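Worksheet: the structure to be examined is printed underneath.
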Amino acid sequence: MNKILIAPSILAADYLNFGRDIKKVEQAGADLLHVDVMDGCFVPNITFGMGLVKSIRKITAMPLDVHLMIVKPERYIERFAEAGADYITIHYEASGNLRKDLETIRKKKAKPGISINPDTPVKKIKEALELVDLVLVMSVFPGFGGQEFIKNSLGRIQELRKMLESRGAKAKIEVDGGINEKTAPLVIAAGAEILVAGAAVFNSGNYKKVIKNLRDKEGGK
Ligand code: DX5
Ligand code: ZN
């Protein structure tokens, strides 16, 4: 099995101390930094834009995993890529032209990802699997951190894993929402390889210990 990658979500960091918190999670062994971009329209919350991504790019070597929870993502893809995003993930539910948007991300030398909400059937993204480097399975309804993991996400991850294998597609499965030391082993056993964690990391007193526990506790062991 590939190494499990941990992507702390700065949604749960201290907004007056982003630089400090980002350096802390990097030193604590985080693999990617997850940046939740919300527009107050696709989701009922507003967060960050390209300016923050550009500033973060200067202070960390971690790949920036930008999760666009915005309508008409085509309006901003290029600017997020230019700001330094390594992965740009758009929502199936938000894109009017999935293929075109994913190709734009690739053209801009970023890695394309596609995300699905908890109530979107996994099979809807079948045709897009060859076009992406990651598939982000939402295990909460997007918009807020600190929500409880939705249990049927496990079956959805398994279904996606099978679908990827049967098509010979190489995309990684990322899971986002309610990931903690209890749910991490379950999603890993189901087939997830990248775990986003906001509250579990930033609300803890020991980033290093939590990141290690999220990564290393395999299902059933
Ligand atoms: C939710 C965001 C998540 C969020 C996860 O809409 O996409 O990335 O930060 O937060 P936790 O890990 O606290 O559930
Ligand atoms: Zn996210």
Side-chain angles (χ1 to χ4, degrees), residues 4-15 18 21-22 25 28 30-49 52-53 56 62-71 73 76 80 85-95 105 110-120 132-154 156-157 172-188 192-207 210-211 213-215 217:
I4 300 302
L5 304 178
I6 305 298
S9 164
I10 58 161
L11 188 66
D14 175 353
Y15 292 10
F18 273 138
D21 280 6
I22 290 165
V25 286
D31 302 286
L32 306 166
L33 190 72
H34 188 80
V35 182
D36 285 308
V37 176
M38 303 188 188
D39 66 353
C41 190
F42 182 69
V43 287
N45 197 2
I46 295 178
T47 56
F48 327 119
L52 185 69
V53 171
I56 293 175
M62 284 183 286
L64 302 182
D65 175 27
V66 175
H67 177 191
L68 296 184
M69 284 161 275
I70 64 176
V71 295
Y76 292 103
F80 275 104
D86 294 277
Y87 289 86
I88 298 180
T89 297
I90 57 173
H91 267 262
Y92 167 80
E93 304 84 3
S95 168
I105 298 172
K111 296 185 168 114
I114 181 168
S115 182
I116 42 170
N117 280 344
D119 56 359
T120 297
V132 296
D133 286 21
L134 70 81
V135 181
L136 175 56
V137 176
M138 288 308 301
S139 43
V140 298
F141 282 91
F144 301 93
Q147 302 181 72
E148 199 178 326
F149 179 82
I150 299 173
K151 289 211 177 61
N152 78 3
S153 311
L154 296 172
R156 291 163 54 76
I157 295 167
K172 284 187 185 301
I173 300 178
E174 180 175 37
V175 61
D176 186 5
I179 297 300
N180 54 38
E181 291 178 37
K182 268 198 188 132
T183 52
L186 307 177
V187 299
I188 293 170
E193 298 166 278
I194 308 177
L195 275 50
V196 176
V201 172
F202 287 105
N203 294 355
S204 80
N206 190 336
Y207 296 178
V210 173
I211 289 172
N213 285 345
L214 291 175
R215 185 189 289 125
K217 282 192 184 163

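If you're wondering where the values come from, they're calculated on a predicted model, not measured in any experiment. Atoms within a ligand are numbered from 1 in the order they appear, just like the ligands themselves. Positions are given from 1 along the sequence. We use all heavy atoms of the structure for the numbers below, so side chains are in, but hydrogens, waters and symmetry mates are not.
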Quiz item: With no hydrogens and no angle check, is any side-chain donor or acceptor of S139 less than 3.5 Å from a backbone partner on G177?
Solution: yes
Exercise. Quick one: report the N, O or S atom of D36 that is nearest to the Zn ion (ligand 2).
Key: OD1
Quiz item: Relative to the Zn ion (ligand 2), which of the N, O or S atoms in H34 is the closest?
Solution: NE2
Quiz item: In terms of side-chain geometry, is the basic nitrogen of D65 or K111 positioned less than 4.0 Å from the acidic oxygen of its partner?
Solution: no
Practice problem: Kindly state each residue pair satisfying side chain to side chain donor-acceptor pair (under 3.5 Å) with at least one member in residues 36-49, sequence neighbours excluded. | Solution: S9-D36, H34-D36, D36-H67
Quiz item: Name the one of V135, L134, L136 that satisfies side chain to side chain contact (heavy atoms under 4.5 Å, CB included) with V132?
Solution: V135
Quiz item: Taking the N/O/S atoms of H67 one by one, which is nearest to the Zn ion (ligand 2)?
Solution: ND1
Quiz item: Can you name the residues that come within less than 4.0 Å of ligand 1, going by heavy atoms only?
Solution: S9, L11, H34, D36, M38, H67, M69, M138, P142, G143, F144, G145, G146, D176, G177, G178, V196, A197, G198, A199
Exercise. Step through the shown structure and confirm whether more than 12 heavy atoms of other residues, nucleotides or ligands are within 6.0 Å of CD on E181.
Key: yes
Quiz item: Is it true that a side-chain atom of S204 and a backbone atom of V201 form a donor plus acceptor pair closer than 3.5 Å?
Solution: yes
Practice problem: Please report the shortest heavy-atom distance between A12 and N203, naming the atom on each side. | Solution: O-OD1, 4.2 Å
Quiz item: In terms of side-chain heavy atoms, does N180 have a donor or acceptor partner in T183 at a distance below 3.5 Å?
Solution: yes
Quiz prompt | Residue D176 atom name (nearest to the Zn ion (ligand 2); N/O/S) | solution = OD2
